[in-house]
A.B. asks: 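One structure follows; several queries about it will come next.
Not measured: the values here are computed from a predicted model. Heavy atoms only: backbone and side chains are in, while hydrogens, waters and symmetry mates are out. Numbered from 1 within each chain, the chains take letters A, B, ... in sequence-line order.
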Number of protein chains: 2
Amino acid sequence: MIPIHPQSARAEQLVGRLQASGHRLTPQRLALVDLLASDTSHPSAEQVYSRLKAQYPTISLATVYNTLEMLVALGEALPLDLNDGCTRYDVLRPAAHPHVICRRCGRVADLDLDGVDAMLDQARAAVQYEDLQARVHFDGICPTCARNPTEPEEGSGA
Amino acid sequence: MIPIHPQSARAEQLVGRLQASGHRLTPQRLALVDLLASDTSHPSAEQVYSRLKAQYPTISLATVYNTLEMLVALGEALPLDLNDGCTRYDVLRPAAHPHVICRRCGRVADLDLDGVDAMLDQARAAVQYEDLQARVHFDGICPTCARNPTEPEEGSGA
DNA sequence: TTAGGTGCAAATCATTTGCAATCTC
DNA sequence: GAGATTGCAAATGATTTGCACCTAA
């Protein structure tokens, strides 16, 4: 009843990283990694938790937070603070990159802008901080929400 | 015993904005505005609260949050989410601009980079969001903390 | 076997809210 | 005097922690 095999290449990679760093591979953890590796929606811990409860009714939020924290510590998950009240996680592209969040429905999308590196270089030249990192995100009203003013697209991608 | 007059031009401006929008000018509120208008350290609500308690021992955090929220609603204060666990407020430069935060001591400084507008233009061209805004901040180890590895500069600017 | 993992519940921490007393206008 | 504001305390919501039980290696 328990899948013992990662469902995707990225999931397999994550499982390998976890095990290489001395962590155990439990069924819940495998399910969590499989979920994250196939989820492009930048889910929050709460969202991961409620999706996982379908397969593992006894799983707890603490386990979800623990595992996410492991992945972040390994550099395999990127925590996103997009000012929407909770931390979201990007496991598919763990290197920092810009995101866009819709202020109405909360949907988060990736974005690639070549202006970011130039700006980081400017900042490094302007201040003498060590290990300076850039955090860039954008917020606005997504096309779907703009089209449906009365019915925000809650949950469709958040 | 209660100063009835704003202590600076910016404080006077803020008082005017608050009154023009139908809010009352209470002693606590005047003291809060005076404090914010003379504070370049991007303080958090908690920091504003503890500094204000010296003058108004009975003031409550709720009052601080209420007044900050008013100023934000009026566009006279910029809330900053710099991933350090609390919201900081910039009352001196309420238009969005980049900030640098030290990961060790928490000190926040302003930064001006002409690359930001270019990047925002790129983002607006890349996605069709309405009212797209950029949020940019940097984090690293400030020169002072880098110089004193054993004794982080807690509280010096946070 | 055994150290790490799990799940529950309780603890934290920032922020918000309910409400009666208070104060500005 | 009317209605906004205050301050306390309790509520909220995200995240963390303590701890006894469990389980992968």
A.B. asks: For the pair made of OH in Tyr49(B) and P in dT15(C), what is the distance, rounded to whole Å?
C.D. replies: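 For the pair Tyr49(B) OH and dT15(C) P, the rounded distance is 14 Å.
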A.B. asks: Where the side chain of Gln28(A) is defined as all heavy atoms beyond and including C-beta, which of dT6(C), dA4(D), dT6(D) is the nearest nucleotide?
C.D. replies: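 Looking only at side-chain atoms, Gln28(A) lies closest to dT6(C).
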A.B. asks: Okay, side chain of Thr63(B), backbone of Ile59(B): is any donor-acceptor separation there less than 3.5 Å?
C.D. replies: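 Checked: no pair found.
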A.B. asks: For dG7(C) and Thr63(A) - does any side-chain N or O of the residue sit under 4.0 Å from the phosphate oxygens OP1/OP2?
C.D. replies: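 Yes.
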A.B. asks: May I ask you to evaluate whether Thr26(A) reaches the phosphate of dG5(C), defined as a side-chain N or O under 4.0 Å from OP1 or OP2?
C.D. replies: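 Checking Thr26(A) against dG5(C): no side-chain N or O falls below 4.0 Å of OP1 or OP2.
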A.B. asks: Which of the following nucleotides, dT6(D), dG5(C), dT15(C), is nearest to the side chain of Leu61(B)?
C.D. replies: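 Minimum distance to the Leu61(B) side chain belongs to dT15(C).
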A.B. asks: Step by step, would you call Asp112(A) with Arg93(A) a salt bridge (charged side-chain N to carboxylate O under 4.0 Å, His left out)?
C.D. replies: CA-CA 12 Å; Asp112(A) 287 292; Arg93(A) 296 183 56 191; 2.9 Å; yes
A.B. asks: Compare side-chain N and O positions of His23(A) against OP1 and OP2 of dG5(C) and report whether any pair is under 4.0 Å apart.
C.D. replies: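 Yes, because at least one side-chain N or O of His23(A) sits under 4.0 Å from OP1 or OP2 of dG5(C).
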A.B. asks: OP1 or OP2 of dG7(D) sitting under 4.0 Å from any side-chain N/O of Thr58(B)?
C.D. replies: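 Checking dG7(D) against Thr58(B), a side-chain N or O does come within under 4.0 Å of OP1 or OP2.
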A.B. asks: Kindly state which residues belonging to residues 10-20 of chain A come within less than 4.0 angstrom of DNA chain C, counting heavy atoms of the residue only, listed by number.
C.D. replies: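 Going residue by residue through residues 10-20 of chain A, none turns out to have a heavy atom under 4.0 Å of DNA chain C.
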A.B. asks: Would you mind telling me which of dT6(D), dT15(D), dG7(C) lies closest to the side-chain atoms of Ser60(A)?
C.D. replies: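 The answer is dG7(C).
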A.B. asks: Is Gly22(A) touching bases, backbone alone, or none of the nucleic acid, heavy atoms closer than 4.0 Å?
C.D. replies: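 Nothing, no heavy atom under 4.0 Å.
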A.B. asks: Taking only side-chain N and O atoms of Arg29(B), does any of them lie within less than 4.0 angstrom of OP1 or OP2 on dT6(D)?
C.D. replies: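 For dT6(D), OP1/OP2 do have a side-chain N/O of Arg29(B) under 4.0 Å.
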A.B. asks: Tell me which of Ala62(B) and Met70(A) sits closer to the 5' end of DNA chain C, going by the nucleotide each one is nearest to.
C.D. replies: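 Taking each residue's closest nucleotide, the earlier one in sequence belongs to Met70(A).
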A.B. asks: Using only atom types and a distance under 3.5 Å, with no angle test, would you say the side chain of Asp34(B) pairs donor to acceptor with the backbone of Gln7(B)?
C.D. replies: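 The answer is yes, because a donor-acceptor pair under 3.5 Å joins these two groups.
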A.B. asks: Would you say Asp90(A) and His99(A) are linked by a side-chain donor-acceptor pair, where the criterion is simply a distance under 3.5 Å?
C.D. replies: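 Yes, because at least one side-chain N or O of His99(A) sits under 3.5 Å from a partner of the opposite role on Asp90(A).
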A.B. asks: Under 3.5 Å, is there a donor-acceptor pair between the side chain of Arg88(B) and the main chain of Ala45(B)?
C.D. replies: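 Checked: no pair found.
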A.B. asks: Is the phosphate of dT23(D) approached by Arg24(A) (side-chain N or O, under 4.0 Å from OP1 or OP2)?
C.D. replies: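 For dT23(D), OP1/OP2 do not have a side-chain N/O of Arg24(A) under 4.0 Å.
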A.B. asks: Assess the side chains of Gln47(A) and Asp39(A): does a donor N or O sit below 3.5 Å from an acceptor N or O?
C.D. replies: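 No.
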A.B. asks: Check whether any side-chain nitrogen or oxygen of Tyr65(A) sits under 4.0 Å from OP1 or OP2 of dT15(D), and answer yes or no.
C.D. replies: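 Yes, such a contact exists.
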